[in-house]
Amino acid sequence: MTTTPPPAKPAADQPQATAPLTMHGQYIKDFSFENPRAPQSLIEQTQPQLTLNVQVTNRQFDAKTFEVAITIEASAQTPEKEPLFMLELVYAGTVSLGELPQEAYGPLLFIETPRLLFPFARAVVANATREAGFPPLNIAPVDFVALYRQQLEANGGRMPGVADGPVGHA
């Protein structure tokens, strides 16, 4: 009979590894839905023209704590350009980053955190459009890698929302 030894416990003087990303909470920060032509818009059965815009931003609280927000703007109009609905959602979460090099912040804040938040923001959008009397707007998955690259290009290679030097007041 063979037995395996129990896993070794880290020594008290060894540093504990911290998670690269810790989500503290997520929430609806801002939400607006307008249905300006109701009930007429619900009676007419026309194929709407949809417009969708997704953006990711962050705000730094201290050296390792951030708020990451996904802004989703969606609107639908008739072929005659009459509005059916307008939706704006800012869905956010607060996260802390572990002991990581500065260059790892961008991918964690603009790719990984939005990937965690997106399914919940998508559900809010689908539920809101359904509750307003329209078919649920199920947003296709977003390529946050491409979105991050676009933001880097627009900012000249600098990551938006993250201080380059020490954080705080002088």
Do [X] and [Y] have side chains that approach each other closer than 4.5 Å (heavy atoms only, starting at C-beta)?
{"X": "T71", "Y": "D30", "value": "no"}
{"X": "L52", "Y": "I72", "value": "yes"}
{"X": "P36", "Y": "M86", "value": "yes"}
{"X": "L147", "Y": "V56", "value": "yes"}
{"X": "F118", "Y": "Y91", "value": "no"}
{"X": "V95", "Y": "V68", "value": "yes"}
{"X": "L109", "Y": "Y148", "value": "no"}
{"X": "L116", "Y": "Q26", "value": "no"}

Pairwise distance [atom1]([X]) to [atom2]([Y]) - rounded to 0.5 angstrom:
{"X": "H24", "Y": "F61", "atom1": "NE2", "atom2": "CZ", "answer": "10.5 Å"}
{"X": "S75", "Y": "E88", "atom1": "OG", "atom2": "CD", "answer": "11.5 Å"}
{"X": "N58", "Y": "L108", "atom1": "CG", "atom2": "CG", "answer": "11.5 Å"}
{"X": "R59", "Y": "T94", "atom1": "CZ", "atom2": "OG1", "answer": "10.5 Å"}
{"X": "L97", "Y": "Q60", "atom1": "CG", "atom2": "CD", "answer": "9.0 Å"}
{"X": "Q49", "Y": "L84", "atom1": "CD", "atom2": "CG", "answer": "9.5 Å"}

inquiry  = Walk me through whether T78 and R37 qualify under side chain to side chain contact (heavy atoms under 4.5 Å, CB included).
reply    = CA-CA 11 Å; T78 67; R37 294 185 59 238; 3.6 Å; yes

ask   = Got more than 12 heavy atoms from elsewhere within 6.0 Å of CD, E153?
value =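 Counting other residues, nucleotides and ligands, CD of E153 stays at 12 neighbours or fewer.
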
task = Inspect the surroundings of CZ in R130 and state if more than 12 heavy atoms from other residues, nucleotides or ligands are less than 6.0 Å away.
result =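 Check passes, neighbour count above 12.
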
request  = State yes or no: are the ring centers of F144 and F110 separated by less than 6.0 Å?
outcome  =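 No: the rings miss the under 6.0 Å criterion.
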
message = For a quick test of reading the model, state the closest non-hydrogen atom pair linking A76 to L50 and the distance between them.
response =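 In terms of heavy atoms, the two residues are closest at CB-CD2, 3.5 Å.
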
Donor-acceptor contact present, side-chain T129 to main-chain A126, <3.5 Å =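 Side chain of T129 to backbone of A126: a pair is present.
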
inquiry  = Please evaluate residues M23 and L117 with respect to the criterion side chain to side chain contact (heavy atoms under 4.5 Å, CB included), reporting the C-alpha separation (whole Å), side-chain torsions for both, the decisive distance (0.1 Å), and the verdict.
reply    = CA-CA 10 Å; M23 177 78 67; L117 296 172; 3.9 Å; yes

Without placing hydrogens or testing angles, list every side-chain donor-acceptor pair under 3.5 Å for residues 133-143, not counting sequence neighbours.
| residue | atom | partner | partner atom | Å |
| --- | --- | --- | --- | --- |
| D143 | OD1 | V145 | N | 3.2 |
| D143 | OD1 | A146 | N | 3.2 |

inquiry  = Would a single hydrophobic cluster contain both V125 and V90, if residues Ile, Leu, Val, Met, Phe, Trp and Tyr are joined by side-chain heavy-atom contacts under 4.5 Å?
reply    =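 The answer is no; the residues belong to distinct hydrophobic clusters.
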
task = Apply the test side chain to side chain contact (heavy atoms under 4.5 Å, CB included) to residues V124 and I28: give CA-CA distance (whole Å), side-chain angles for both, the deciding distance (0.1 Å), then the verdict.
result = CA-CA 9 Å; V124 170; I28 294 173; 4.1 Å; yes

message = Could you tell me if E67 and Y27 have a donor-acceptor pair between their side chains, going purely by distance under 3.5 Å?
response =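 Per modelled atom types, Y27 and E67 side chains form a pair under 3.5 Å.
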
inquiry  = Applying side chain to side chain contact (heavy atoms under 4.5 Å, CB included) to K64 and E99, what does each step give before you reach the verdict?
reply    = CA-CA 9 Å; K64 301 227 179 251; E99 295 301 320; 3.8 Å; yes

